[in-house]
Asker: 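Structure in structure tokens, see below.
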Amino acid sequence: MNTSQQLEFIKRNTVEIIPENELLDKLNFSEKSKKPLRVKLGIDPTAPDMHLGNAVVLRKLREFQELGHIALLIVGDFTAKIGDPSGRSKTRPQITNEEIEKNMATYKEQIFKILIPEKTEFRYNSEWLGKLTSEEIIKLASKFTLAQLLEREEISNRYKNNEPISLHELFYAIFQGYDSVATMTDIELGATEQKFNLLVGRELQREYFQAPQVTMTMPILVGTDGVKKMSKSYGNYIGITETPVNMFGKVMSIPDSCIMNYFQLATNLPEVEIKNIEQLLKSSNPRDIKSRLGYEIVKVYHSEAEAKEAEQGFVKMFSKKEVPEDMRVYEVKEEKIWLPQLLLDSGAVPTKSEARRLIEQKAVEVDGQVVTDIKFELEVKSPVVLKVGKRQFLKVILVK
RNA sequence: GGGCAGGUACCCAAGUGGCCAAAGGGGGCAGACUGUAAAUCUGUUGGCAUAGCCUUCGAAGGUUCGACUCCUUCCCUGCCCA
């Protein structure tokens, strides 16, 4: 690929590249000098579960890696202690060092499902932010005005609604920008909501006489509810480590309106194929298209075989109402168990009250029979299959 | 520092001495209908228990037979003045 082809490749699925011509310059320079570009992505060490939404940006990083560049992951351990106002309506709670360490371990496991380890560099921003003197902080702060910071929708909304905004939250963007200075970043990626923060990095690098970074913003993947952005705290996410069956099931539950959004941002299909699917969607049952989507997504994070299996399992389970072949097994020691107790012990429900509720609402089946009696005593002489709610299956076995 | 308005369940919000585990809406969950979509309808949404009990309305104390409701102190948020 020559560099303008590379540019086309990289441009796919981006919202904005600021500025595009500088990106081409950087690609050219890198090619000539044989120096890989350093492509930065800030990561937040508070939520250790990666989902398809996070993956949109990570997959773009991966593309850079495939072109020979370096992914520079900036762990916001320092800024995590501040709390990020982006996309939040409330001040985020702060986090301890131990939690950060623990989260990062999980993070790395997951991140390398997408990124190439040899071309990935981790840096913790406390390394430099922790050393800033108050003098330097004031100097950094002097580069920005209150009006600029208030322009951000998230902040101004809170301000208009008389909600609290702590001063330290305003510093977040500045610190994140300083990360780019400290790491001599060439390109920084982020979701569209990060645009302001990314531009601050560009601004500050100029102040420090560095070549300003190119900023690339990526579209936001909508969550399984089809309304809010995919996020762990909204509970509308599909985790990249979920089992093929779960992943497929969650994809099937998204509203039709976001099918194309998912095809575009979460699958590896070429542009042409996606165009075809878009046409097809107009004339066929959306369910079938969605099934294809589920297959493609599972394929990215598992294998083709597992994707196929998940798809077939789904058809069996829901279209033909058969019981799945693989299900969670829970072992019990006694032959007779009070059903709510069993549901609680096996982790199928969080409380016994919840178990009662589900039973009363006909949501619990024992070997295909709906149970409505909350006093029901389950006999486990031979293995018993429980269905709890729409999705949960459980095989109960007696073990002596 | 002064003045004013507030802090109620996941969120918004009503409740101003017992009828309050706390109206209503949103969201969630479940059932029906479906394509595990959308829309719609119904139920449910603190915990434990077979009529009942326990914990909850910013926190701690107090008054009372009885407090989310009254009193005291404290903490927190917003607005205005300085």
Side-chain angles (χ1 to χ4, degrees), chain A residues 83 87-94 150 155-169 222-229 231-238 242-263 280-295 297-298 310-324 327 338-341 343-345 348-365 368-377 386-393:
Chain A
R88 304 274 159 171
S89 51
K90 290 214 170 138
T91 306
R92 203 191 271 191
Q94 302 182 345
L150 277 176
I155 296 278
S156 62
N157 280 345
R158 280 162 65 185
Y159 188 67
K160 276 181 212 141
N161 293 333
N162 288 344
E163 281 168 25
I165 302 167
S166 305
L167 284 182
H168 75 278
E169 294 182 61
V222 72
T224 52
D225 58 356
V227 182
K228 288 181 280 211
K229 69 165 188 174
S231 142
K232 188 161 189 231
S233 48
Y234 295 142
N236 61 359
Y237 69 102
I238 303 177
E242 293 194 50
T243 61
V245 172
N246 270 340
M247 209 179 245
F248 192 93
K250 282 194 182 179
V251 172
M252 289 308 281
S253 76
I254 65 169
D256 294 353
S257 57
C258 24
I259 291 178
M260 288 322 295
N261 185 241
Y262 274 64
F263 263 113
L280 211 58
L281 186 58
K282 288 175 189 156
S283 57
S284 47
N285 187 338
R287 182 199 49 188
D288 301 331
I289 306 288
K290 223 195 271 181
S291 188
R292 171 82 193 277
L293 176 66
Y295 169 80
I297 290 177
V298 174
E311 189 174 20
Q312 286 162 357
F314 182 86
V315 171
K316 263 192 200 161
M317 200 186 308
F318 295 101
S319 309
K320 299 185 185 157
K321 305 254 180 221
E322 283 175 26
V323 171
M327 67 182 102
W338 182 39
L339 191 54
Q341 187 67 50
L343 294 176
L344 179 70
D345 293 346
V349 297
T351 64
K352 272 191 225 166
S353 295
E354 182 65 18
R356 282 160 188 279
R357 239 171 258 138
L358 288 172
I359 293 170
E360 278 163 12
Q361 292 174 149
K362 303 184 174 141
V364 179
E365 287 176 19
Q369 292 290 309
V370 175
V371 173
T372 49
D373 180 11
I374 55 163
K375 284 186 248 169
F376 189 85
E377 297 273 344
L386 295 186
K387 185 182 178 202
V388 186
K390 285 193 226 255
R391 192 178 291 170
Q392 257 194 112
F393 284 90

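The model shown is predicted, which means the values in this text are computed figures rather than measured ones. Chain A is the first sequence line, chain B the second, and so forth, proteins listed ahead of strands; every chain is numbered from 1. Every heavy atom of this structure was used, including side-chain atoms; hydrogens, water molecules and symmetry mates were not.
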Asker: Output one line per pair: protein atom, nucleotide atom from nucleotides 76-82 of chain B, and distance, for all N/O pairs under 3.5 Å.
Answerer:
| from | atom 1 | to | atom 2 | distance (Å) |
| --- | --- | --- | --- | --- |
| B:G78 | O2' | A:N162 | ND2 | 3.2 |

Asker: Base, sugar-phosphate, or nothing for A:I259, non-hydrogen atoms under 4.0 angstrom?
Answerer: nothing
Asker: With sugar-phosphate meaning primed atoms plus P, OP1 and OP2, does A:P286 contact a base, only sugar-phosphate, or nothing at under 4.0 Å between heavy atoms?
Answerer: base
Asker: For B:A37, does either OP1 or OP2 sit under 4.0 Å from a side-chain N or O belonging to A:S253?
Answerer: no
Asker: Would you kindly say whether A:Q341 and A:K352 are connected by a side-chain donor-acceptor distance under 3.5 Å?
Answerer: yes
Asker: Just checking A:K250: base, sugar-phosphate only, or nothing, at a heavy-atom cut-off of under 4.0 Å?
Answerer: nothing
Asker: Once you round it to whole Å, what is the distance between P of B:G35 and CG of A:D256?
Answerer: 12 Å
Asker: Could I get the full list of salt bridge (charged side-chain N to carboxylate O under 4.0 Å, His left out) partners for A:K250, not counting sequence neighbours?
Answerer: A:E242
Asker: Hunt down the Watson-Crick or G-U wobble partner of B:C53, both distances under 3.5 Å, from any strand shown, or write none.
Answerer: B:G47
Asker: Whole angstrom is fine here: how far is it from NZ in A:K316 over to P in B:G35?
Answerer: 20 Å
Asker: Please list, pair by pair, any protein nitrogen or oxygen found under 3.5 Å from a nitrogen or oxygen in nucleotides 31-34 of chain B.
Answerer:
| from | atom 1 | to | atom 2 | distance (Å) |
| --- | --- | --- | --- | --- |
| B:G31 | O4' | A:Q361 | O | 3.4 |

Asker: Does a nitrogen or oxygen in the side chain of A:R356 sit under 4.0 Å from OP1 or OP2 of B:G46?
Answerer: no
Asker: When the C1' atoms of B:C57 and B:U50 are compared, how many Å lie between them, rounded to an integer?
Answerer: 30 Å
Asker: Under 4.0 Å between any heavy atoms, over every strand shown, what does A:R391 touch: base, sugar-phosphate, or nothing? Just pick one.
Answerer: base
